[in-house]
Amino acid sequence: MSQPVRTRIAPSPTGAPHLGTAYMALFNLAFARKHGGQFILRIEDTDRKRSSIESEKAIFEALRWAGIEWDEGPDCGGQYGPYRQSERLDLYEREINRLIEKGHAYRCFCTPQRLNELRAKQIANKETPRYDGLCLSLSQEESARRAKSEPFVVRMKIPESGTCEFTDELRGQVNIEWSQIDHQVIRKSDGFPTYHLANVVDDHEMAISHVIRGEEWISSTPKHVLLYQYLGWKCPSFAHLPLLRNPDKSKLSKRKNPTGIFYFRDAGFLPEALLNYLGMMGYTLPDQREIFSLEELIETFDIKRISLGGPIFDLAKLKWLNGRYLREKLNPVEVIDRLQAWKANPEFLGKIMPFALQRLETFSDFFPLAQFLLSEQPIYALEELVGKMEPEQSAKFLKIAEWELEKTASWDRDTLSSVFQRMAEVEDLKLKQLLPLFFMAMSGSTVSLPLFDGIALLGPDLTRMRLRHALELLSANGQGLSKKGIKKLEKEYANRYGERID
RNA sequence: GUCCCGUUCGUCUAGCCAGGUCAGGACACCGGGUUUUCAUCCCGGCAACAGGGGUUCGAAUCCCCUACGGGACGCCA
């Protein structure tokens with residue numbers, strides 16, 4: 001351990017900042033700080049189609065809100081920069097060429113169609129899908145010649161037999177047979193590296209000493225280990241943390257849980273309580289304290305104390321903890337400050353006022369009208385939700401809205417309006433017939449502010465939760481969508497609205 | 001399907017590495033008390049070593065098998 005400790009998180013800027021990112025960041029940060037090292041934020045934006053600068057900004061904002069600070073990153077620089085993979089392409093290209101020259105990697109000219117067919121065939125034969133090595137036999141000359149006129153990817157070679165052994169700091173030795181590993185693409189046809197290559201190159205170049213990441217990476221660790229060997233570099237040590245889970249034990253997903261970091265901000269949680277809660281997922285301080293600050297976590301941090309069973313994220317316990325923070329860690333004046341910073345400020349109230357004003361006779365009318373924008377979840381009865389609509393129709397429309405809104409890139413009044421406009425058209429309904437359901441689901445009342453403006457102010461995370469809450473209310477009364485029903489609806493949806501995205 | 005990882009109350013976990021505790025704490029839940037209500041707070045209760053084999057005087061703890069859960073198998077990360 002003579003080498004300075006440097007850890008990192010490497011989120012990819014696709015979609016909303018995820019709780020899992022904050023979770024991994026927390027332990028990477030704690031480990032680095034405990035050992036007097038640095039914690040780095042690197043943006044892995046090698047997926048050109050899905051990465052966006054907005055998402056990158058959101059990651060900074062979300063992590064900062066949560067109380068995670070990094071020593072080096074795209075926004076604050078550092079001596080190992082740049083910290084954005086799209087700005088490091090030369091570096092990857094150099095190493096990819098080195099790998100090709102040394103015979104550790106080769107160009108592959110197979111078309112996506114051929115690979116799809118191959119995969120389909122292998123799956124049909126109950127084999128593990130894997131590249132069959134067709135382009136492996138190409139001579140260096142032919143490969144170089146075809147590269148000038150044809151699209152290609154670069155794949156890394158994998159030993160034909162034997163076992164990859166590596167040490168996971170938490171689990172001990174892990175053995176995976178090379179026969180299980182595919183000839184991984186390390187450079188895509190668009191010239192960008194894949195995660196595996198970029199990750200290894202950057203971790204080396206950025207002098208990362210400890211790779212602390214999610215358990216989902218264990219099975220691709222052999223590829224990484226091999227790349228370090230091929231490139232003649234020393235491997236960092238690896239520690240794979242358990243994954244946060246949904247109540248059904250599957251990997252935490254926004255389908256089943258609030259997973260966006262901003263959800264917790266917008267729903268009125270304290271960042272320090274959230275961080276504390278994440279810190280007790282799979283970890284306990286030596287003295288079993290449950291309430292602890294980041295500093296206290298760091299002070300006593302011991303990565304070996306992490307327990308390996310995937311912890312289920314329990315909103316109820318988080319709320320309990322948040323309540324204790326409010327009561328025990330803050331005084332009333334501070335709570336008022338924090339409340340103001342949250343939504344009780346002129347800026348936010350100012351956004352509501354234009355809509356509320358037309359409905360005001362006295363000040364007393366304001367807060368009841370604005371209430372749904374200031375609470376986590378309005379309360380209403382099933383009959384109110386459904387109204388004149390058939391319950392199953394309601395469930396269907398709620399689900400479709402959830403899918404449609406998932407696809408909505410910009411979250412403003414007009415865009416939202418057109419989403420519902422279109423939905424009414426496709427369903428052959430008047431907007432007036434469709435909307436009462438959503439008024440109730442969003443605001444818990446038929447007397448409320450304009451719907452689209454309301455949804456815009458609510459933001460995507462709270463909106464999703466409200467749709468889901470409505471759906472759950474229907475299900476709890478036996479009038480929701482069954483699994484089969486959802487499958488069926490999904491197909492119908494694909495036909496009439498277009499493919500769904502996650 | 002193949003491989004890998006995991007498994008202590010419903011949930012988060014302590015204990016496991018260095019076998020001997022009535023298996024401890026917290027959330028949730030239930031009951032009681034304080035409070036004009038509610039909440040807070042206090043007290044009490046419910047509730048777990050996945051199963052089966054070993055090793056041992058003794059196993060939650062060490063070993064093996066089974067089951068179950070999860071993850072991975074992309075020109076996503």
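Under the Watson-Crick or G-U wobble criterion, with both distances below 3.5 Å, B:G45 is paired with B:C29. When Watson-Crick and G-U wobble pairs are counted only if both distances are under 3.5 Å, B:U35 pairs with no nucleotide at all. Shown here, B:C73 forms a base pair with B:G1; the pair counts as Watson-Crick or G-U wobble because both key distances fall under 3.5 Å. With a cut-off of 3.5 Å on both Watson-Crick or G-U wobble distances, the partner of B:U61 is given as none. The partner of B:G6, taking Watson-Crick or G-U wobble pairs whose two distances both stay under 3.5 Å, is B:C68. In this structure B:C16 sits in no base pair that meets the Watson-Crick or G-U test at under 3.5 Å.
Close placement of the A:F313 and A:F264 rings is indicated, their centers lying within 6.0 Å of each other.
At the heavy-atom level, A:C110 lies under 4.0 Å from base atoms of the strands shown. Among the protein residues, A:Q288 comes within range of the nucleic acid bases, having at least one heavy atom under 4.0 Å from a base atom. Contact annotation for A:R50: base contact, defined as any heavy-atom pair under 4.0 Å involving a base atom. Within 4.0 Å (heavy atoms only), A:D168 reaches no atom of the nucleic acid at all. Within the 4.0 angstrom heavy-atom criterion, base atoms lie near A:P112. Nucleic acid contact for A:R119: sugar-phosphate only, since backbone atoms but no base atoms lie under 4.0 Å from a heavy atom of the residue. A:V185 comes within 4.0 angstrom of sugar-phosphate atoms only, judged by non-hydrogen atoms across all strands, and of no base. Across all strands shown, A:T46 has heavy atoms under 4.0 Å from sugar-phosphate atoms exclusively, and none from any base. Among the heavy atoms of the strands, none lies under 4.0 Å from A:K304. Within 4.0 Å (heavy atoms only), A:S307 reaches sugar-phosphate atoms of the nucleic acid but no base atom. A:K319 comes within 4.0 angstrom of nothing in the nucleic acid, heavy atoms only. Across all strands, A:R324 comes closer than 4.0 Å to no nucleic acid atom at all (heavy-atom distances). Within the nucleic acid shown, A:R187 has no heavy atom closer than 4.0 Å to any nucleic acid atom. Residue A:S220 is classed as having no contact, given no heavy-atom separation below 4.0 Å to the nucleic acid.
Rounded to whole Å, the C1' atom of B:A28 lies 27 Å from the corresponding atom of B:C16. Going from the P atom of B:C49 to that of B:A23 covers 11 Å, rounded to whole Å. Taking atom P in both B:C12 and B:G58, the straight-line distance is 34 Å, to the nearest Å. B:U11 and B:U7 have their C1' atoms separated by 15 Å, given to the nearest Å. Spacing of C1' atoms, B:U55 relative to B:C63, comes out at 7 Å, to the nearest Å. Of the P atoms belonging to B:C62 and B:U21, the separation is 15 Å, rounded to the nearest Å. Comparing B:A59 with B:G19, their C1' atoms are spaced 6 Å from each other, to the whole Å. If you take atom C1' in B:C75 and the same atom in B:A67, they sit 39 Å apart, rounded to whole Å.
Take the nearest nucleotide of RNA chain B for A:H196 and for A:L170: the residue whose nucleotide is more 5' is A:L170. The residue among A:R327 and A:G309 whose nearest nucleotide of RNA chain B is located toward the 5' end is A:G309.
A salt bridge is defined here as a Lys NZ or Arg NE, NH1 or NH2 lying under 4.0 Å from an Asp or Glu carboxylate O, and A:D287 with A:R289 meets this definition. With salt bridges taken as basic N to acidic carboxylate O contacts below 4.0 Å, one links A:K407 and A:E404. We find that A:R8 and A:E72 are not joined by a salt bridge, their nearest charged nitrogen and carboxylate oxygen being 4.0 Å or further apart. Salt bridge annotation for A:R64-A:E61: absent, with no cationic side-chain nitrogen under 4.0 angstrom from a carboxylate oxygen. A:R33 and A:E299 are not joined by a salt bridge, as no carboxylate oxygen comes within less than 4.0 angstrom of a charged side-chain nitrogen. In this structure, A:E93 pairs ionically with A:R187, as a charged nitrogen and a carboxylate oxygen lie closer than 4.0 Å.
Between chain A and RNA chain B, the heavy-atom contact criterion of under 4.0 Å yields a 5' to 3' nucleotide range of B:G1 to B:A77.
Atom NZ of A:K57 has 12 or fewer neighbouring heavy atoms from other residues, nucleotides or ligands inside a 6.0 Å radius.
Screening A:R94, A:R88, A:R6, A:R42 for a salt bridge (charged side-chain N to carboxylate O under 4.0 Å, His left out) with A:E205, the sole residue that qualifies is A:R94.
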